[in-house]
Number of protein chains: 2
Amino acid sequence: MSKVVATQAGEDDPLLLDRQVCFPLYAATNLLNRLYGPVLAKLGLTYPQYLVMLVLWEHQVQSVGELGARLYLDSGTLTPLLKRMEAAGFVTRARDPADERRVLVTLTAEGKVLRERALHVPETMANGYRPDDVDSLRESVRQLVSTLAQHKTRPPATE
Amino acid sequence: MSKVVATQAGEDDPLLLDRQVCFPLYAATNLLNRLYGPVLAKLGLTYPQYLVMLVLWEHQVQSVGELGARLYLDSGTLTPLLKRMEAAGFVTRARDPADERRVLVTLTAEGKVLRERALHVPETMANGYRPDDVDSLRESVRQLVSTLAQHKTRPPATE
DNA sequence: AGCAATTAGATTGCTTGCAATTTAATTGCT
DNA sequence: AGCAATTAAATTGCAAGCAATCTAATTGCT
């Protein structure tokens, strides 16, 4: 009764960690979070908060739903996150008078000014890499996402 | 005093969301988590717990530190996660008699048996894609990680 | 042997992230 | 108009993830 299981030890075993496509993605994302963390902390932001700022710097007023569609996050994630950003003074939250179901998130003056101090972030982050590698990264990610997007059972999100 | 900020609106703006390398990675990882969630929930696992099981199915006894080195996670993440897996009956945790600082995580019989039921997971997940796309994904991720790994200021982890 | 430095995990406190549910506003249909 | 269905956020409950700190065991050095 010693070898009850232990099947599939060969390298065709689908359950080998090194055969997983998703694990490197998972690990890389955790790594990126750790790398961004200290840089963004100086601005008073976390990584997802930084993403929200990127969206708002493009369009200063956005509903929670629009932010979520852009970032693939739902209100369960965004609501508390936005409350923290409001407490930090970067945005305001207010019901849309034209449709009271919606909540409009608006950049504050402080939030707009923060953009100046954030301008160096992409370069700072890229500085760990050679310029060619950044292009290579960009291309790999583009391919990756383009392939992932073809999944037969898409998630809710925008679609 | 109306246009205090609003510089860099062009497409050379480094702060455009669509120019970010890391955002698609972040979004893709969240997506993968949502896709794996329901499949793994039937086994009583979450995605990071599944990763721990993959490692343990390869080596049935591992210290917390070894697991962390393999998965790039620290004890702050692993300790509570492993306690939940212990409560679920998949592993046991015990101090290493040879070095009482270490905690050895060991597969239980139930944890070994679970492997059978997990064998279909990789295929199930890949089923949303055409076989060629999976190869393409694998190659993109390989490139991605290989480039990321060249960052000048590596994180702690194994190294 | 004795003690400082190191190492391995655990703990604390905080922020995501998501499923499921709830609440309130709006639409649509009759 | 009246009411069911839909929609947008908020809320609840739980599991990660990580920095910082703490504790206990081991190493290393004299």
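Numbers restart at 1 for each chain; the letters A, B, ... are given by sequence-line order, proteins then strands.
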>> Both A:R101 and A:T77 contact DNA chain D. Taking the nearest nucleotide for each, which residue is further toward the 5' end?
In response: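 Between the two, 5'-proximity favours A:R101.
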> Quick one: on DNA chain D, does A:L104 or A:N30 contact a more 5' nucleotide (nearest heavy atom)?
Replying inline: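 It is A:L104, whose closest nucleotide lies nearer the 5' terminus.
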How many whole angstroms separate atom [atom1] of [X] from atom [atom2] of [N]?
X	N	atom1	atom2	answer
B:E66	C:dT7	CD	C1'	14 Å
A:Q49	C:dT15	CD	P	8 Å
A:L40	C:dT15	CG	P	15 Å
B:D74	C:dA8	CG	P	13 Å

> How many angstroms lie between CG in A:L71 and CG in A:L51, if you round to the nearest 0.5 Å?
Replying inline: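 Rounded to the nearest 0.5 Å, the CG-CG separation comes to 5.5 Å.
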>> If I take atom CG from residue B:L78 and atom NZ from residue B:K83, how far apart are they, to the nearest 0.5 angstrom?
In response: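 Between atom CG of B:L78 and atom NZ of B:K83 there are 12.5 Å.
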> Heavy atom of residues 78-98 of chain B under 4.0 Å from DNA chain C: which residues?
Replying inline: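 Heavy-atom cutoff 4.0 Å gives B:T79, B:K83, B:R93, B:R95.
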For [X], give me all partners under side-chain hydrogen bond (donor to acceptor under 3.5 Å, both in side chains), at least two apart in sequence or on another chain.
X	answer
B:H120	B:T124
A:R93	A:E86
B:R95	none

With a 4.0 Å cut-off on heavy atoms, is [X] in touch with a base, just the backbone sugar-phosphate, or nothing at all?
X	answer
A:N33	nothing
A:G65	sugar-phosphate
B:T46	sugar-phosphate

>> Whether A:Y72 contacts C:dC18 is assessed here as follows: a side-chain N or O lying under 4.0 Å from the phosphate OP1 or OP2. Is that the case?
In response: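 No, A:Y72 has no side-chain N/O under 4.0 Å of OP1/OP2 on C:dC18.
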>> Please confirm whether the shortest side-chain N or O distance from B:S75 to OP1 or OP2 of C:dT11 is below 4.0 Å.
In response: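 The answer is no; no side-chain N or O of B:S75 sits under 4.0 Å from OP1 or OP2.
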>> The criterion is salt bridge (Lys or Arg N to Asp or Glu O under 4.0 Å); which residues satisfy it with A:E58, sequence neighbours excluded?
In response: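 So A:E58 forms a salt bridge (Lys or Arg N to Asp or Glu O under 4.0 Å) with A:R70.
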> Does B:R117 have any salt bridge (Lys or Arg N to Asp or Glu O under 4.0 Å) partners at least two apart in sequence or in another chain, and if so, which?
Replying inline: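 For B:R117 there are no salt bridge (Lys or Arg N to Asp or Glu O under 4.0 Å) partners, ignoring immediate neighbours.
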> If you write DNA chain C from 5' to 3' in dot-bracket form, with Watson-Crick or G-U pairs under 3.5 Å, [ ] for crossing pairs and | for pairs with another strand, what do you get?
Replying inline: ||||||||||||||||||||||||||||||
>> Below 4.0 Å from chain A heavy atoms, what is the first contacting nucleotide of DNA chain D and what is the last?
In response: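 Listing 5' to 3', DNA chain D meets chain A from D:dT7 to D:dA19.
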>> For B:L107 and B:M53: C-alpha separation, side-chain torsions, deciding distance, then whether side chain to side chain contact (heavy atoms under 4.5 Å, CB included) applies.
In response: CA-CA 8 Å; B:L107 270 184; B:M53 292 305 282; 3.7 Å; yes
>> Show every side-chain hydrogen bond (donor to acceptor under 3.5 Å, both in side chains) that has at least one partner inside residues 36-50 of chain B, sequence neighbours left out.
In response: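 Listed once each, the pairs would be none.
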> Under the salt bridge (charged side-chain N to carboxylate O under 4.0 Å, His left out) rule, what pairs show up with a residue in residues 20-30 of chain B, not counting sequence neighbours?
Replying inline: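 Sorted pair list comes back empty.
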> Of all residues at least two apart in sequence or in a different chain, which pass the side-chain contact (heavy atoms from CB on, under 4.5 Å) check with A:N30?
Replying inline: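 A:N30 satisfies side-chain contact (heavy atoms from CB on, under 4.5 Å) with A:Y26, A:R34, B:L73 once adjacent residues are dropped.
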